[in-house]
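Each remark here refers to the structure printed beneath this line.
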2 protein chains.
Amino acid sequence: MATRRYEQRLRAQSAEQTRRRILDTVYDQLPKIPSVDAVARQAGVARSTVYLVFGSRAGLFDALLRDVSERGGFADLVLAVQDPDPLTHLRGAVVANTRIYGRQRDALVALRAEAASLEGALERMEQGRLGGLIHLANRLDEHGLLAVAKDVAVDVLWTLTGFEAFDALHTGRGLPVDDVAARLLVTAERTLLRVPPAEGARG
Amino acid sequence: MATRRYEQRLRAQSAEQTRRRILDTVYDQLPKIPSVDAVARQAGVARSTVYLVFGSRAGLFDALLRDVSERGGFADLVLAVQDPDPLTHLRGAVVANTRIYGRQRDALVALRAEAASLEGALERMEQGRLGGLIHLANRLDEHGLLAVAKDVAVDVLWTLTGFEAFDALHTGRGLPVDDVAARLLVTAERTLLRVPPAEGARG
DNA sequence: CTGATGAAAGACAAGCTGTCTCGCGAAATG
DNA sequence: CATTTCGCGAGACAGCTTGTCTTTCATCAG
């Protein structure tokens with residue numbers, strides 16, 4: 001066998017390029033959920049190459065999920081979470097979260113539709129959000145700001161920061177992204193806080 | 001051709017029976033979303049019969065949707081809506097709505113997954129809910145009970161009475177149906193009402 | 001009896017996923 | 001330059017699914 005050592009350079013690079021080209025094609029075909037064949041043809045790639053690179057259709061959408069969560073603007077969310085004032089933290093988290101959904105809407109709808117074959121990968125991703133919400137509820141509680149029990153606060157935040165709530169207002173009611181954020185924020189603040197901010201208050 | 005007049009009795013009756021047997025089999029296979037073939041086999045019916053009766057796979061799930069909305073306990077919701085007190089109306093509507101989702105959860109998840117082939121039939125069904133919510137918001141407003149603008153109230157109610165909000169708490173957070181109703185009701189009341197009921201208040 | 005009808009049975013086309021094999025051409029190595 | 005090694009195209013094949021159509025049969029109405 002005497003396997004040679006193999007330092008890849010151009011090979012790995014071009015492999016990465018085809019990988020990206022396939023993923024970009026998936027984005028391009030959204031919101032319609034494409035077949036593997038349709039993706040391969042539009043990407044100018046053999047269908048077997050898609051299976052070679054991603055293993056399966058589920059693997060392809062799993063990669064899409066990772067891509068969405070790596071790219072889609074989580075920096076703002078991280079910034080918001082680090083704010084020393086828990087009220088600004090709440091406001092920033094709801095707004096940043098909503099904007100992420102707004103940018104990634106088509107991909108998230110597709111991923112939700114593929115959820116059955118994704119074996120809980122979506123749910124695992126959501127665990128991160130839950131952890132953040134528990135942290136937020138703890139901070140609000142420590143500052144004596146909560147008007148409801150802490151676990152109730154977590155449940156309410158869970159509902160309001162989910163993609164489903166966003167999409168109910170955005171697609172279901174036709175509201176622009178910033179209006180959706182406003183509605184969700186008002187609901188969170190008035191439900192959770194002992195002393196809700198006045199209407200139209202600006203930070 | 002001289003087509004005869006045809007009074008169906010036993011024939012139509014047995015046709016209705018096979019129709020019901022097929023629909024019941026669909027319920028039986030939930031929450032897994034069955035293929036037409038799987039339904040036909042378990043119902044003891046030829047696959048072609050399913051197509052004869054329902055026209056297509058989409059037609060089958062369209063019939064399931066109608067069945068769900070005819071059966072699933074809308075009587076309580078109608079009762080709640082007729083209450084003279086708008087606060088009881090709000091409370092009854094949220095609770096009855098949540099209980100319907102609890103009973104029909106598997107079917108509704110399946111229908112949501114089939115939504116793409118249902119051509120907006122789900123959305124059309126939701127129009128009824130929206131109408132009821134607008135009516136509720138109007139009544140609350142007329143009694144001077146609203147703490148937010150009427151259209152905001154509609155949007156908030158729309159989010160909280162949607163199946164997605166229910167499922168986020170029930171499946172996502174593992175809460176029993178009555179706890180879900182309590183969380184949603186607290187959120188609705190504290191967000192919408194000028195003077196929210198005290199915690200633990202009983203009607 | 002005779003025509004109409006509910007329903008089974010099954011062939012067929014088309015689209016999808018998934019696996020596997022063959023082979024070319026280009027890059028990496030010595 | 002010769003030899004590996006790897007990326008990838010091409011395509012066959014199996015299996016599952018939806019959807020259409022034809023043939024056949026038993027039963028019920030008049």
Side-chain angles (χ1 to χ4, degrees), chain A residues 1-26 29-30 32-64 110-111 113-119, chain B residues 1-26 29 32-64 110-111 113-119 121:
Chain A
M1 299 307 165
T3 48
R4 286 187 186 172
R5 295 294 166 83
Y6 228 71
E7 295 269 342
Q8 312 174 330
R9 263 167 294 185
L10 298 185
R11 321 281 331 236
Q13 188 178 323
S14 90
E16 178 56 30
Q17 271 175 19
T18 50
R19 185 191 153 86
R20 264 256 64 88
R21 197 163 68 246
I22 293 170
L23 269 185
D24 288 344
T25 304
V26 175
Q29 303 214 357
L30 299 175
K32 221 194 93 203
I33 293 170
S35 68
V36 174
D37 189 68
V39 172
R41 260 184 294 121
Q42 192 184 314
V45 149
R47 196 167 63 91
S48 55
T49 301
V50 177
Y51 284 96
L52 186 71
V53 175
F54 296 100
S56 66
R57 174 189 177 79
L60 175 60
F61 282 90
D62 198 89
L64 181 69
L111 288 167
E114 293 286 314
S117 24
L118 255 52
E119 296 287 336
Chain B
M1 297 304 166
T3 48
R4 286 187 187 173
R5 294 294 167 82
Y6 228 71
E7 294 272 339
Q8 311 174 332
R9 263 167 293 185
L10 298 184
R11 321 268 353 222
Q13 186 177 326
S14 91
E16 179 54 32
Q17 272 175 20
T18 50
R19 185 191 153 86
R20 263 255 66 86
R21 196 162 71 246
I22 294 170
L23 269 184
D24 288 345
T25 304
V26 175
Q29 303 214 358
K32 221 193 91 206
I33 292 170
S35 68
V36 173
D37 189 69
V39 172
R41 261 185 293 119
Q42 193 185 314
V45 147
R47 195 168 63 92
S48 57
T49 300
V50 176
Y51 282 95
L52 185 70
V53 174
F54 296 100
S56 68
R57 175 190 176 77
L60 175 60
F61 281 89
D62 198 90
L64 181 69
L111 286 168
E114 293 287 316
S117 25
L118 257 51
E119 296 289 335

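Quick note on labels: first sequence line is chain A, next is B, and so on, each numbered from 1.
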Exercise. For G55(B) and R19(A), take the nucleotide of DNA chain D holding the closest heavy atom to each; which residue's nucleotide lies nearer the 5' end?
Worked result: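 That would be R19(A).
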Can you tell me how far the [atom1] atom of [X] sits from the [atom2] atom of [Y], to the nearest 0.5 Å?
X      : Y       : atom1 : atom2 : answer
L64(B) : L111(B) : CG    : CG    : 4.5 Å
R41(A) : D37(A)  : CZ    : CG    : 4.5 Å
F54(B) : L23(B)  : CZ    : CG    : 4.0 Å

May I have the distance from [X] (atom [atom1]) to [N] (atom [atom2]), rounded to whole angstrom?
X       : N       : atom1 : atom2 : answer
I22(A)  : dG9(D)  : CD1   : P     : 8 Å
R57(A)  : dG15(C) : CZ    : P     : 16 Å
K32(A)  : dG15(C) : NZ    : C1'   : 12 Å
I33(A)  : dT17(C) : CD1   : P     : 11 Å
E16(A)  : dC8(D)  : CD    : P     : 10 Å
F61(A)  : dG18(C) : CZ    : P     : 11 Å
D37(B)  : dG10(C) : CG    : C1'   : 13 Å
E114(B) : dT17(D) : CD    : P     : 13 Å

Exercise. Under 4.0 angstrom, heavy atoms only, what part of the nucleic acid is G59(B) near: base, sugar-phosphate, or nothing?
Worked result: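 Result for G59(B) = nothing.
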By nearest atom, which of the nucleotides [options] is closest to the [X] side chain?
X      : options                  : value
R47(B) : dG10(C), dT18(D), dC8(D) : dT18(D)
S48(A) : dC20(C), dA9(C), dG19(D) : dC20(C)
Y51(A) : dA7(C), dG18(C), dC8(D)  : dG18(C)
S14(A) : dG9(D), dA7(C), dG7(D)   : dG7(D)
L52(A) : dC8(D), dG18(C), dG19(D) : dC8(D)
V36(B) : dT17(C), dA9(C), dT18(D) : dT18(D)

For this session: Please determine if a side-chain N or O atom of T18(A) lies less than 4.0 Å away from the OP1 or OP2 oxygen of dC8(D).
Result: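 Answer is yes, contact under 4.0 Å.
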Problem set entry | Within-4.5 Å side-chain heavy-atom neighbours: R21(A) and T18(A) |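 Answer yes - side chains close enough.
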Problem set entry | Minimum heavy-atom distance between D62(B) and A121(B), given as atom pair plus value |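 So the minimum-distance heavy-atom pair works out to OD1-CB, 3.6 Å.
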